[in-house]
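Okay, structure first, notes after.
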There are 2 protein chains.
Amino acid sequence: MTLSEEDYIKTIYHLAKGEGHSITTNAIADQMETKPSSVTDMLKKLSDKNLVNYKKYKGVSLTEKGAITALSIVRKHRLWEVFLVDKLDFAWDEVHEVAEQLEHIKSDKLIDKLDNYLGNPRVDPHGDPIPTKEGAFKKSVKKLISELPVGCQGVCVGVNDSSAAFLKFLDKNRISLGDTLTILEKEDFDGSVSIAINEKEMRISDQIASNLFLEVLENK
Amino acid sequence: MTLSEEDYIKTIYHLAKGEGHSITTNAIADQMETKPSSVTDMLKKLSDKNLVNYKKYKGVSLTEKGAITALSIVRKHRLWEVFLVDKLDFAWDEVHEVAEQLEHIKSDKLIDKLDNYLGNPRVDPHGDPIPTKEGAFKKSVKKLISELPVGCQGVCVGVNDSSAAFLKFLDKNRISLGDTLTILEKEDFDGSVSIAINEKEMRISDQIASNLFLEVLENK
DNA sequence: ACAAATATTTAGTTTTGTCTAAATTTATTT
DNA sequence: AAATAAATTTAGACAAAACTAAATATTTGT
């Protein structure tokens, strides 16, 4: 597969939001900042290779083979994002461009070893799920800490209250978006929550827990 | 710079062994497994971009600008090799192909951070020196441990005596080619040498020290 | 249902990097 | 110093992936 073919497959996958429905030529052209005629050319080629179902004027969807390819690219992209953030200390919002390049590196052994090295993460720094080698993965949902049960693990992906005071609190306690957080215990009495974050444990008040969004894997 | 241009620059650099002498069209074609006519085409393009000095029928050499480019690619290649061996546990002889791909990733920030993460290594797993960001680097030489002074650091790159007994000794003591080794102390009495390797210290006999080659940076 | 608007495809070019075959230059023999 | 051999370049062609402009389908509005 060429680099360009991989980019098309990935774009179709994302536009279909992981589902198999039909995507229009123009949607792909807009997303990829290219011309519709270029898209048509490529769709013919991908169709010849059995990666997409393409009917003239009727849009396109990924075949089984195309979906497997897409998931493998998504897996690589997200694993590299974890590497960049966890190991190289990139901020979660500056990794995309580099991961776009790294995702095209061809070596199954590399990805296996990287996965292990990173501790087989299930989500990337944006909280998006990482497909397994076999192409399986759970969907993720965004919920407030206060809405989640004990034992949940997820990634901090947003705040409800973006007041300066709250952001300052997060900063002082070294909680950043992109950090992985586990819910250890919930106190019925005052709604406070014990969490593990960045290798440390701490307790946060109900007020904090109701203002911080976690991206967690759907429970089935 | 395109991927292909980078490959040509790197090939010219390696064929000239880091020096500025003139390389023939056929030598490049052989090395890159391509046709001489393709090489001629590319040399014209690289010459237009001021990356090489090219005179028809007279061979080619890198310009200052070309040499800087080459060193930056070599730096990336070798840093990725260190990553693959030190962090992902690849064997030193299986990293080349993957590093050939990784060396083309474009991000200065990535390479800076990778360099730091790896502890700013001076040599790659083959013992070859890693150029600095500024393009400076020392040559390396291959010497027996017994020939080197206290304080030297280098990479194990070969054995003099490849008898089964010797290889078994290395294996039992978890010394592999590609490991980094520092000479801590030398005992005049029996020629034995204290070394640090793989985060451990150990003492080896004169006989071992005279059979294990280290690739070390030239002292000046 | 039909005209207008929009979406998509086709046809024909362009650029990059490659190739083959022919022409030219340089090197080597005798 | 020719003649031959080897190396190199030129000319012309091709495939991939993009583009523009024109043609054709589909959808929408009335």
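Letters A, B, ... mirror the listed sequences (proteins, then strands); counts begin at 1.
In terms of phosphate contacts, B:S4 brings no side-chain nitrogen or oxygen within less than 4.0 Å of OP1 or OP2 of C:dT16. When the side-chain nitrogen and oxygen atoms of B:K44 are compared with OP1 and OP2 of D:dT9, none of them lie within a distance under 4.0 Å. Phosphate contact (OP1/OP2 of D:dA21, side-chain N/O of A:K35, threshold under 4.0 Å): absent. Remark: A:T40 is in phosphate contact with C:dT9, judged by side-chain N or O atoms under 4.0 Å from OP1 or OP2. Dashed line: the shortest gap from a side-chain N or O of A:N26 to OP1 or OP2 of C:dT8 is under 4.0 Å.
Evaluated for a side-chain contact (heavy atoms from CB on, under 4.5 Å) with A:K143, the options A:V157, A:L214, A:L148 yield exactly one hit, A:L148. The only option from B:R75, B:K133, B:R122, B:R78 that meets the salt bridge (charged side-chain N to carboxylate O under 4.0 Å, His left out) definition with B:D115 turns out to be B:R75.
If you take CD1 of A:I23 and C1' of C:dT8, they are 16 Å apart, rounded to a whole angstrom. For B:K56 and C:dT24, the NZ to P distance is 11 Å, given to the nearest whole Å. The separation between B:E5 atom CD and C:dT18 atom P is 10 Å, rounded to whole Å. Between B:K55 atom NZ and D:dT8 atom C1' the separation is 16 Å, expressed in whole Å. If you measure from atom CE of A:M42 to atom C1' of C:dT9, you get 16 Å, rounded to the nearest angstrom.
Each of B:T25 and A:D41 lies near DNA chain D, and the nucleotide nearest B:T25 is the one positioned closer to the 5' end. If A:Y57 and A:Y8 are placed on DNA chain D by their nearest nucleotide, the residue sitting closer to the 5' end is A:Y8.
Comparing atom distances between the A:K58 side chain and each of C:dT10, D:dT26, D:dA18 picks out D:dT26 as nearest. Nearest nucleotide to the side chain of A:P36, out of C:dT18, C:dT9, D:dT8: C:dT9. When each of C:dT9, D:dT9, C:dT10 is scored by its nearest atom to the side-chain atoms of B:S37, the top-ranked nucleotide is D:dT9.
Side-chain atoms of B:N26 and B:T24 include no donor-acceptor pair closer than 3.5 Å.
Environment of CD in A:E147: crowded, with over 12 heavy atoms of neighbouring residues, nucleotides or ligands closer than 6.0 Å.
Ring geometry for B:H77 against B:H96 counts as tilted: the plane angle lies between 30° and 60°, on a 0 to 90° scale.
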